[in-house]
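Because the structure is predicted, anything quoted here is derived from the model rather than measured. Each ligand, and each atom within it, is numbered from 1 in the order the structure gives.
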Amino acid sequence: MLSDIATINAFLPSDRSEWERLWSSYLTFYNTSLDQDVYNSTWTQIISGLGPVYAIALREKNQQDTVVGFAHYLLQHSAWTVGKICYLQDLFIAPTHRRRGYASVLIHAVAEKAQQHHCEKLYWLTHEDNIGARILYNSIAKFNGFVRYDYNLG
Ligand SMILES: CC(C)(COP(=O)(O)OP(=O)(O)OC[C@H]1O[C@@H](n2cnc3c(N)ncnc32)[C@H](O)[C@@H]1OP(=O)(O)O)[C@@H](O)C(=O)NCCC(=O)NCCS
């Protein structure tokens with residue numbers, strides 16, 4: 001049972017360095033980096049539990065409850081719904097802990113949070129070349145054909 005080896009819960013203030021290490025690995029995976037003020041702002045929102053950025057930590061029990069994965073999500077208003085919708089913005093599992101079902105567990109945990117907040121939709125984006133992630137996503141969600149554009153605001 002996955003619940004025997006991993007737990008899902010909120011980040012604690014003492015998790016800052018582990019979150020920062022994983023978040024930085026995730027950004028490296030996407031060949032990017034962020035200024036420290038973004039780390040500070042995002043962490044402050046996560047720890048407040050008040051959003052708009054929320055997070056879930058995945059800890060491995062036999063690793064002294066070390067955080068080995070995380071999901072960041074946002075609850076958003078939408079012109080398409082009366083209730084809010086949930087955007088799963090970031091999902092990361094430490095390379096040494098992959099293919100154990102942890103990402104699937106995190107996605108389902110975000111779905112539960114979305115339901116608790118009465119969200120009407122849960123969605124996320126990924127790069128078209130992210131083959132591993134897409135195999136996972138195709139198995140649990142539906143690809144509707146939308147593509148994303150980024151306008152340069154300067
Ligand atoms: C994508 C990612 C989150 C998957 O995490 P994970 O915990 O290894 O995924 P799971 O163990 O839950 O995978 C479940 C299933 O998805 C598929 N899958 C996941 N990763 C895969 C890969 N690299 N190649 C092929 N299939 C993969 C498999 O079918 C897998 O089941 P199996 O291991 O029994 O074959 C992880 O590889 C990661 O953090 N990658 C870097 C960051 C990233 O891409 N994040 C997502 C951005 S949108």
Ignoring hydrogens and angles, tell me if any N or O in the side chain of [X] forms a donor-acceptor pair with the backbone of [Y] under 3.5 Å.
{"X": "Glu60", "Y": "Asp65", "value": "no"}
{"X": "Ser25", "Y": "Arg21", "value": "yes"}
{"X": "His117", "Y": "Lys113", "value": "yes"}
{"X": "Ser139", "Y": "Leu136", "value": "yes"}
{"X": "Asn130", "Y": "His127", "value": "no"}
{"X": "Arg134", "Y": "Glu128", "value": "yes"}

Backbone or side-chain N or O of [X] under 3.5 Å from ligand 1 N or O:
{"X": "Thr126", "result": "no"}
{"X": "Ala133", "result": "no"}
{"X": "Tyr26", "result": "no"}

Check: Phe143 ring centre within less than 6.0 Å of Tyr137 ring centre =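 Ring centroids of Phe143 and Tyr137 are no less than 6.0 Å from each other.
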Enumerated ligand 1 atoms positioned under 4.0 Å from heavy atoms of [X]:
{"X": "Gly101", "value": "10 (P), 11 (O), 12 (O)"}
{"X": "Arg100", "value": "11 (O)"}
{"X": "Tyr30", "value": "47 (C), 48 (S)"}
{"X": "Ile135", "value": "17 (C), 25 (C), 26 (N), 29 (O)"}
{"X": "Leu125", "value": "48 (S)"}

Tell me: protein heavy atom nearest [atom], and distance?
{"atom": "atom 19 (C) of ligand 1", "value": "Gly132 O, 3.7 Å"}
{"atom": "atom 15 (C) of ligand 1", "value": "Leu136 CD1, 4.1 Å"}
{"atom": "atom 45 (N) of ligand 1", "value": "Leu91 O, 2.8 Å"}
{"atom": "atom 36 (C) of ligand 1", "value": "Arg98 NE, 3.5 Å"}
{"atom": "atom 39 (O) of ligand 1", "value": "Ile93 N, 2.9 Å"}
{"atom": "atom 35 (O) of ligand 1", "value": "Arg99 NH2, 2.9 Å"}
{"atom": "atom 3 (C) of ligand 1", "value": "Ala103 CB, 3.7 Å"}
{"atom": "atom 12 (O) of ligand 1", "value": "Ser104 OG, 2.8 Å"}

Among Tyr102, Phe29, Trp124, which residue places a heavy atom closest to atom 43 (C) of ligand 1?
->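 Considering heavy atoms of Tyr102, Phe29, Trp124, the nearest to atom 43 (C) of ligand 1 sits in Phe29.
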So how far is it from Ile140 CD1 to His108 NE2, rounded to the nearest 0.5 Å?
->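 One gets 5.0 Å once the value is rounded to the nearest 0.5 Å.
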Rounded to the nearest 0.5 Å, how far does OG of Ser48 lie from CH2 of Trp43?
->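 The CH2 atom of Trp43 sits 11.0 Å away from the OG atom of Ser48.
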Considering only heavy atoms, does [X] approach ligand 1 within less than 4.0 Å through its side chain, its backbone, both, or neither?
{"X": "Asn130", "value": "side chain"}
{"X": "Phe92", "value": "both"}
{"X": "Tyr137", "value": "side chain"}

Would you call the rings of His72 and Trp19 parallel, tilted or perpendicular, where under 30° means parallel and over 60° means perpendicular?
->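 It falls in the tilted class, 30° to 60°.
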Hey, what's the ring geometry for Tyr26 with Tyr30, parallel, tilted or perpendicular (30° and 60° as the breaks)?
->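 Perpendicular: the ring planes of Tyr26 and Tyr30 meet at over 60°.
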Does some side-chain heavy atom of Trp23 sit less than 4.5 Å from a side-chain heavy atom of Phe92?
->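 Result no, sub-4.5 Å side-chain heavy-atom pair not found.
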Between Leu27 and Val67, is there a shared hydrophobic cluster once you connect ILVMFWY residues whose side-chain heavy atoms come closer than 4.5 Å?
->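 Yes: a chain of side-chain contacts under 4.5 Å links Leu27 to Val67.
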Contact bool for atom 32 (P) of ligand 1 (protein heavy atom, d < 4.0 Å) |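 Flag for atom 32 (P) of ligand 1 set to true, protein heavy atom closer than 4.0 Å.
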